[in-house]
Amino acid sequence: ECKALSSSPPFFSFSAKDMKHRLGFLLQKSDSCDYSSSQGKKEKLSSSQRLSQEEVRKWAESLENLIHHDRGLAAFRAFLKSEYSEENIEFWVSCEEYKKTKSPAKLSPKARKIYDEFISVQATKEVNLDSCTREKTSHNMLEPTLSCFDEAQRKIFTLMEKDSYRRFLKSPYYLDLVSPPGAGCGPENCKRNHTHSLDCNSNIISQCA
């Protein structure tokens with residue numbers, strides 16, 4: 001039986017370390033504020049590629065929408081890192097990359113690397129899998145295929161969906177993006193979408209103030 005991930009404190013209570021993580025993320029990802037004078041570090045996005053509020057709101061519809069969007073994945077990864085559980089999304093991403101392997105000769109070494117890093121008993125970034133799934137995945141290592149991690153990947157996706165994803169939607173990592181800097185607290189700004197209504201009191205001071 002899967003052990004539950006440690007619960008995080010309410011999103012409005014920050015330690016200095018949490019704030020450091022958050023600010024580091026905002027410095028890297030913000031499109032609305034110029035935190036850095038280094039043009040080389042800025043993402044080269046055309047106007048059509050810039051992150052829109054509509055895109056951000058879609059992240060609240062499903063975890064799949066979130067992690068299949070490059071910027072959403074980056075935000076979720078930063079949030080999980082702040083909770084010290086980034087191994088879950090790293091495993092999921094590794095599985096996605098693994099399934100794109102073209103050469104049969106590369107399957108075995110790639111599979112072994114993922115297994116050793118995330119699944120084996122001595123894994124440096126061990127993910128939380130039940131014994132049955134872990135045993136089945138271990139058996140798949142005898143003859144690795146493109147689908148050998150599918151069940152384990154689904155289990156970790158479900159774990160994130162039921163746990164950390166819900167906390168992410170209530171965290172500044174999401175709320176600061178869905179609520180543009182300088183937005184007021186009028187009714188039109190507090191109601192972000194039909195599924196997740198956001199209370200202006202939950203937002204921290206605008207990062208661009």
Side-chain angles (χ1 to χ4, degrees), residues 1-26 28-30 51-96 118-119 125-130 133-134 149-181 183 185 187 189-207:
E1 193 171 316
C2 294
K3 57 185 179 181
L5 292 174
S6 59
S7 59
S8 62
F11 65 86
F12 48 78
S13 177
F14 296 99
S15 67
K17 194 166 188 177
D18 289 335
M19 185 61 72
K20 181 180 179 182
H21 279 304
R22 180 179 157 271
L23 290 176
F25 165 72
L26 292 175
Q28 294 174 28
K29 298 299 175 184
S30 176
L51 190 61
S52 70
Q53 288 298 296
E54 185 60 32
E55 287 177 302
V56 175
R57 291 180 192 121
K58 286 182 179 178
W59 298 351
E61 294 176 4
S62 70
L63 175 58
E64 189 171 358
N65 283 355
L66 174 66
I67 61 181
H68 279 93
H69 189 288
D70 288 344
R71 302 292 295 282
L73 177 61
F76 190 52
R77 190 195 294 268
F79 170 72
L80 291 180
K81 188 172 183 179
S82 75
E83 291 198 332
Y84 304 100
S85 59
E86 66 268 29
E87 69 277 0
N88 291 320
I89 194 62
E90 288 182 9
F91 173 66
W92 185 89
V93 170
S94 294
C95 290
E96 288 294 289
F118 298 102
I119 299 177
K125 300 178 181 179
E126 185 180 359
V127 291
N128 194 352
L129 293 172
D130 59 272
T133 302
R134 192 181 300 276
F149 294 111
D150 282 4
E151 185 172 344
Q153 186 184 21
R154 281 195 297 271
K155 290 293 178 70
I156 294 303
F157 179 92
T158 300
L159 185 64
M160 292 190 294
E161 185 176 44
K162 293 181 177 180
D163 189 46
S164 49
Y165 171 60
R166 295 180 181 179
R167 292 198 302 278
F168 168 78
L169 295 177
K170 297 178 181 180
S171 76
Y173 289 90
Y174 178 71
L175 297 181
D176 281 1
L177 291 174
V178 81
S179 179
C185 281
N189 290 319
C190 287
K191 296 178 180 179
R192 296 298 171 188
N193 56 53
H194 296 299
T195 306
H196 298 274
S197 179
L198 303 180
D199 184 342
C200 285
N201 289 329
S202 69
N203 293 314
I204 63 170
I205 298 174
S206 169
Q207 64 266 30

Closest contact, heavy atoms only, Tyr174 versus Leu169: CD2-O, 3.5 Å
Of Leu63, Leu159, Leu80, the residue whose pairing with Ser164 passes side-chain contact (heavy atoms from CB on, under 4.5 Å): Leu80
Whether Phe157 and Trp92 hold their rings parallel, tilted or perpendicular, with breakpoints at 30° and 60°: tilted
Test side-chain contact (heavy atoms from CB on, under 4.5 Å) applied to Arg57 and Glu61, Gln53, Glu55, the passing residue: Gln53
His69 side chain near Lys58 side chain, heavy-atom distance below 4.5 Å: no
Thr133 and Asp130 side chains, donor-acceptor separation under 3.5 Å: yes
Pairwise distance NZ(Lys155) to CG(Asn88) - rounded to 0.5 angstrom: 14.0 Å
Student check: side-chain heavy atoms of Glu87 and Ser85 closer than 4.5 Å: yes
Heavy-atom pair with the smallest gap, counting every atom of Cys95 and Phe149: SG-CB, 3.7 Å
Validation row: Phe168, Leu66 side chains within 4.5 angstrom (heavy atoms): yes
All salt bridge (charged side-chain N to carboxylate O under 4.0 Å, His left out) counterparts of Glu161, not counting sequence neighbours: none
Geometric class of the Tyr165/Phe76 ring pair [parallel <30°, tilted 30-60°, perpendicular >60°]: perpendicular
CA sep, side-chain torsions, deciding dist, call: Arg167, Phe79, side chain to side chain contact (heavy atoms under 4.5 Å, CB included): CA-CA 9 Å; Arg167 292 198 302 278; Phe79 170 72; 3.7 Å; yes
Short N-O contact, Lys125 and Glu90, less than 4.0 angstrom: yes
Nearest-0.5 Å distance, CZ of residue Arg77 to OH of residue Tyr173: 13.5 Å
Close side-chain approach of Trp59 and Val178, heavy atoms under 4.5 Å: no
Within-4.5 Å side-chain heavy-atom neighbours: Leu73 and His68: no
Euclidean distance, Phe118 CZ relative to Ile156 CD1, rounded to 0.5 Å: 10.0 Å
Full working for salt bridge (charged side-chain N to carboxylate O under 4.0 Å, His left out) between Arg134 and Glu126: CA-CA 11 Å; Arg134 192 181 300 276; Glu126 185 180 359; 3.4 Å; yes
Pro172 vs Leu175 side-chain heavy atoms within contact, under 4.5 Å: no
Closest approach of Leu177 to Ala75 (non-hydrogen atoms, all atoms of both residues): CD1-CB, 4.3 Å
